[in-house]
Chemist: 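Have a look at this one.
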Amino acid sequence: MTEVSGESRHAVEQRVAELKLTHNDLDAAIEALGQKGSYDDLQMQRMKRRKLQLKDEICRLEAMLSPDIIA
């Protein structure tokens with residue numbers, strides 16, 4: 001994975017922060033929908049899939065921010 005620096009690094013950090021906020025909002029929405037009791041299974045499945053996609057994207061971007069350490 002390529003490490004980023006400078007202005008590009010700032011943009012990636014900003015994007016990670018935005019994605020984390022969206023991920024947390026989606027988590028709260030899923031929790032609220034689950035507590036509601038009756039909900040559309042398809043809607044819940046889509047929300048959980050989107051949450052997982054966000055988490056994967058966050059991990060990918062964070063990996064770009066951290067240099068690979070070869071032990």
Side-chain angles (χ1 to χ4, degrees):
M1 183 89 25
T2 306
E3 185 180 355
V4 293
S5 60
E7 192 174 309
S8 177
R9 181 177 183 83
H10 179 68
V12 171
E13 289 171 342
Q14 211 170 12
R15 180 70 178 144
V16 168
E18 291 169 4
L19 290 174
K20 284 183 177 182
L21 182 62
T22 303
H23 182 270
N24 291 337
D25 289 346
L26 194 52
D27 190 40
I30 289 169
E31 180 69 27
L33 192 60
Q35 289 179 356
K36 182 179 168 186
S38 66
Y39 55 83
D40 181 12
D41 286 336
L42 184 58
Q43 180 185 14
M44 180 68 87
Q45 185 180 24
R46 286 178 178 160
M47 290 171 73
K48 287 182 177 182
R49 185 178 299 124
R50 177 66 182 139
K51 184 180 165 194
L52 184 58
Q53 289 171 337
L54 288 169
K55 185 65 175 175
D56 289 344
E57 180 71 6
I58 290 167
C59 289
R60 186 183 69 76
L61 291 173
E62 286 179 337
M64 289 173 60
L65 294 173
S66 302
D68 289 335
I69 299 173
I70 301 173

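Heavy-atom basis, side chains included; hydrogens, waters and symmetry copies ignored.
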Chemist: Please assess R60 against M64 for the test side-chain contact (heavy atoms from CB on, under 4.5 Å), listing each intermediate value before the final yes or no.
Modeler: CA-CA 7 Å; R60 186 183 69 76; M64 289 173 60; 3.8 Å; yes
Chemist: Do you know the tightest heavy-atom contact between I30 and K51?
Modeler: CD1-CD, 3.9 Å
Chemist: Where is the tightest heavy-atom contact between M47 and A29, given as atom of each residue plus distance?
Modeler: CE-CB, 3.5 Å
Chemist: Applying side-chain contact (heavy atoms from CB on, under 4.5 Å), run through Q43 and R46 and close with a yes or a no.
Modeler: CA-CA 5 Å; Q43 180 185 14; R46 286 178 178 160; 5.8 Å; no
Chemist: Over all heavy atoms of both residues, which pair between L61 and V12 is shortest? Give the atoms and the distance, please.
Modeler: O-CG1, 3.9 Å
Chemist: To the nearest 0.5 Å, how far apart are NZ in K20 and NE2 in H23?
Modeler: 10.5 Å
Chemist: Give, for atom CD of E18 and atom CZ of R15, the distance between the pair rounded to the nearest 0.5 Å.
Modeler: 6.0 Å
Chemist: How far does CG of L26 sit from CG of L19, to the nearest 0.5 angstrom?
Modeler: 11.5 Å
Chemist: Check step by step if side-chain contact (heavy atoms from CB on, under 4.5 Å) holds for I58 and E62.
Modeler: CA-CA 6 Å; I58 290 167; E62 286 179 337; 3.7 Å; yes
Chemist: Give a yes-or-no answer on whether the side chains of E31 and Q35 include a donor-acceptor pair shorter than 3.5 Å.
Modeler: yes
Chemist: Mind checking the CG-NZ spacing from D27 to K48? Nearest 0.5 Å is all I need.
Modeler: 10.0 Å
